Amino acid sequence: MKETWRYLAGIAGPSGYGSNSTAEQVIQDSACFVPPRLTAIITGATSGIGVETARALAKKGMRIVIPARDLKKAAGVKEVIQKESPNAEIIIFETDMSSFVSVKRFCSGFLALGLPLNILINNAGIYSQKLEFSEDKIEMTFATNYLGHYLMTELLLEKMIETAEQTGIQGRIINLSSVIHSWVKRDAFCLQKMLSPKNYDGTRAYSQSKLANILHVKEIARQLRARNARVTINAVHPGIVKTGILRASYKGFLTDSLYFIASKLLKSTSQGASTTCYVALSQQIEGVSGKYFADCNESKCSTLANDESEAQKLWMQTHALMQRYLYLPAA
């Protein structure tokens, strides 16, 4: 009840920010000093929170790389950002996050540019009411929200470690998750069943993918610590934001009138992007890794999401899956 009141009232937490804070406020804060010419990859930056995140970081002088399925939409985002920040460098790649081959092609293309990589924001996400499969014959929500980002992180991690060593600037990876990760029960979290579910439920599939995003953070943080790498990885819950995903998830459950009323309590996209920007930029959390943030403050995730053995098991199973599809080197 106390947390709900803090959220509704917009009361700031230890970071100085709260649920009402916007991306604009976060990037203007003096605690968010940003060295010049950092490079950030942001998936899902053609709509919703992703667009706002890209706009805010470009305003800070970052080079923004957008892997996008829809090149026309990406070009539109680029135009909007450059109108506001004329010197912004925006690089677009055609990429389908649900396709292993497409993600691998993007990573090869980006690495071929010879650019540094300071920030990776695994933001893209979908919610599907009906059972759909990716070109790899994997359930679409899980393929897009988790597997595509797992693969992208694996293929770009060495570049991030190398960049951090060469520049002395800490690299940061951010996985977008959701509070509904806590809805997942342990006995319902099985990789093989999530790849090809027999009894599909859109909300369950979405919550499972968001739990996987946090477990991914836990395991990669452990691996990075073991290597003494100057790269951190954290998960963020952006809040309940007025985006297309939310509307899709409630279609058929809420009437348009009820949705309109409920939306007045929801975050704007700028408020939703604030936590991502905070975790990507703030000096207050320098060196913090393997954590879960909400409303720009460290928060608690579920017991299952905190289970390091479950995180390691999921990583190993996922790596084995990728080896079968893409012949990745053994772990």
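Remember, predicted model here, so these are calculated numbers, not experimental data.
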If two hydrophobic side chains count as joined below 4.5 Å and joins carry through other members, does L147 share a cluster with F133? no
What is the minimum heavy-atom distance between I27 and A56, and which atoms define it? CD1-O, 3.4 Å
Which heavy-atom pair separates S102 from T95 by the least distance, and what is that distance? OG-CA, 3.4 Å
Applying the 4.5 Å side-chain criterion to the ILVMFWY set and letting contacts propagate, would L326 and F110 be lumped into a single cluster? yes
Would you indicate whether the side-chain heavy atoms of S182 and H237 approach each other to under 4.5 Å? no
4.5 Å side-chain heavy-atom contact, M140 and T144: yes
Okay, side chain of T163, backbone of L117: is any donor-acceptor separation there less than 3.5 Å? yes
S15 to C296 - nearest heavy-atom pair and separation: OG-O, 2.8 Å
Side chains of K78 and Q82: closer than 4.5 Å at any heavy-atom pair? yes
Does a side-chain heavy-atom distance below 4.5 Å link Y278 with Q284? yes
Apply side chain to side chain contact (heavy atoms under 4.5 Å, CB included) to D70 and T46, showing your working. CA-CA 8 Å; D70 188 328; T46 58; 5.6 Å; no
Nearest heavy-atom pair of F142 and A212: which atoms, and what distance? CE1-CB, 4.0 Å
May I ask you to say whether E154 pairs ionically with K104, meaning some side-chain N is under 4.0 Å from a carboxylate O? no
Under a 3.5 Å cutoff, is there a donor and acceptor pairing between the side chains of T203 and Y127? yes
Is it true that, when you exclude E308 itself, more than 12 heavy atoms of the residues, nucleotides or ligands shown sit nearer than 6.0 Å to its CD? no
Counting N and O atoms only, with roles assigned by atom type, does the side chain of S282 sit under 3.5 Å from a partner on the main chain of V279, one being a donor and the other an acceptor? no
One thing to verify: whether R37 and E89 come together as a salt bridge, which I'm taking to mean a side-chain N less than 4.0 angstrom from a carboxylate O. yes
Any donor-acceptor pair under 3.5 Å linking the side-chain atoms of N175 with those of H216? yes
Assign the ring pair W315 / Y150 to parallel, tilted or perpendicular, where the plane angle (0 to 90°) is split at 30° and 60°. tilted
Keeping N118 on the side-chain end and A40 on the backbone end, is there a donor-acceptor pair under 3.5 Å? no
If we only count heavy atoms from C-beta on, is the V26 to T22 side-chain gap below 4.5 Å? no
Rounded distance (nearest 0.5 Å) linking atom OG of S209 with atom CE of M194: 9.5 Å
Under a 4.5 Å cut-off applied to non-hydrogen side-chain atoms, are M97 and M152 in contact? yes
Roughly how far, to the nearest 0.5 Å, is CD1 of I121 from CD1 of I42? 4.5 Å
Atom pair CG (L57) and CZ (R63), whose distance is rounded to the nearest 0.5 Å: 13.5 Å
So if you build clusters from Ile, Leu, Val, Met, Phe, Trp, Tyr with side-chain heavy-atom gaps below 4.5 Å, do I92 and V80 land together? no
For N306 and Y292, does a side-chain donor sit closer than 3.5 Å to a side-chain acceptor? no
Just checking, is any N or O donor in the side chain of T276 or N123 under 3.5 Å from an acceptor N or O on the other one? no
Just by distance, do the side chain of T167 and the backbone of I169 share a donor-acceptor pair under 3.5 Å? yes
Ion pair present between K59 and E24, side-chain N to carboxylate O less than 4.0 angstrom? yes
Is a side-chain donor-acceptor pair under 3.5 Å present for T141 with E139? yes
Does K267 pair with D295 as a salt bridge, N-O distance under 4.0 Å? yes
Starting at CG of L321, measure out to CZ of R324 and round the result to the nearest 0.5 Å. 5.0 Å
Same cluster for L191 and I138 if Ile/Leu/Val/Met/Phe/Trp/Tyr side chains link at under 4.5 Å? yes
Is there a donor-acceptor pair closer than 3.5 Å between any side-chain N or O of S21 and the backbone N or O of G18? yes
Path from I214 to V179 over hydrophobic side-chain contacts below 4.5 Å: yes
Taking all atoms of both residues into account, what is the closest heavy-atom pair of G148 and V103, and its distance? O-CG1, 3.8 Å
Check whether Q208 reaches the backbone of A188 with its side chain - one donor and one acceptor, N or O, closer than 3.5 Å. yes
If you count every heavy atom of other residues, nucleotides or ligands that lies below 6.0 Å from R69 atom CZ, does the total exceed 12? no
Just by distance, with hydrogens left out, do R172 and T232 show a side-chain donor and acceptor under 3.5 Å apart? no
Euclidean distance, L151 CG relative to Y146 OH, rounded to 0.5 Å: 10.5 Å
With the threshold set at 4.0 Å, does a side-chain nitrogen-carboxylate oxygen contact exist between R105 and E94? no
Before you tell me yes or no, could you show the steps for R186 and D307 under side chain to side chain contact (heavy atoms under 4.5 Å, CB included), namely the whole-Å CA-CA distance, both residues' side-chain angles and the distance that decides it to 0.1 Å? CA-CA 10 Å; R186 188 178 294 271; D307 189 328; 3.0 Å; yes
May I ask you to decide if V288's main-chain N or O and N234's side chain share a donor-acceptor pair within less than 3.5 Å? yes
Should the heavy atoms of other residues, nucleotides or ligands under 6.0 Å from NZ of K291 be counted, would the total exceed 12? no
Taking Q271's backbone N and O only, do any of them form a donor-acceptor pair with S268's side chain (distance below 3.5 Å, no angle check)? yes
Could you check whether any side-chain heavy atom of V77 comes within less than 4.5 Å of a side-chain heavy atom of I90, counting everything from C-beta outward? no
Side-chain contact test, heavy atoms from C-beta onward, threshold under 4.5 Å: evaluate it for I81 versus I64 and give yes or no. no
Value rounded to 0.5 Å, distance of CD1 in I91 from CG in L113: 5.5 Å
Donor-acceptor pair between H149 and T43 side chains, under 3.5 angstrom: yes
Do side-chain atoms of S85 reach the backbone of N87 as a donor and acceptor pair under 3.5 angstrom? no
Just by distance, no angles: are the side chains of T269 and E52 close enough, under 3.5 Å, to form a donor-acceptor pair? no
Does the pair E286/R230 count as a salt bridge with the N-to-O cut at 4.0 Å? yes
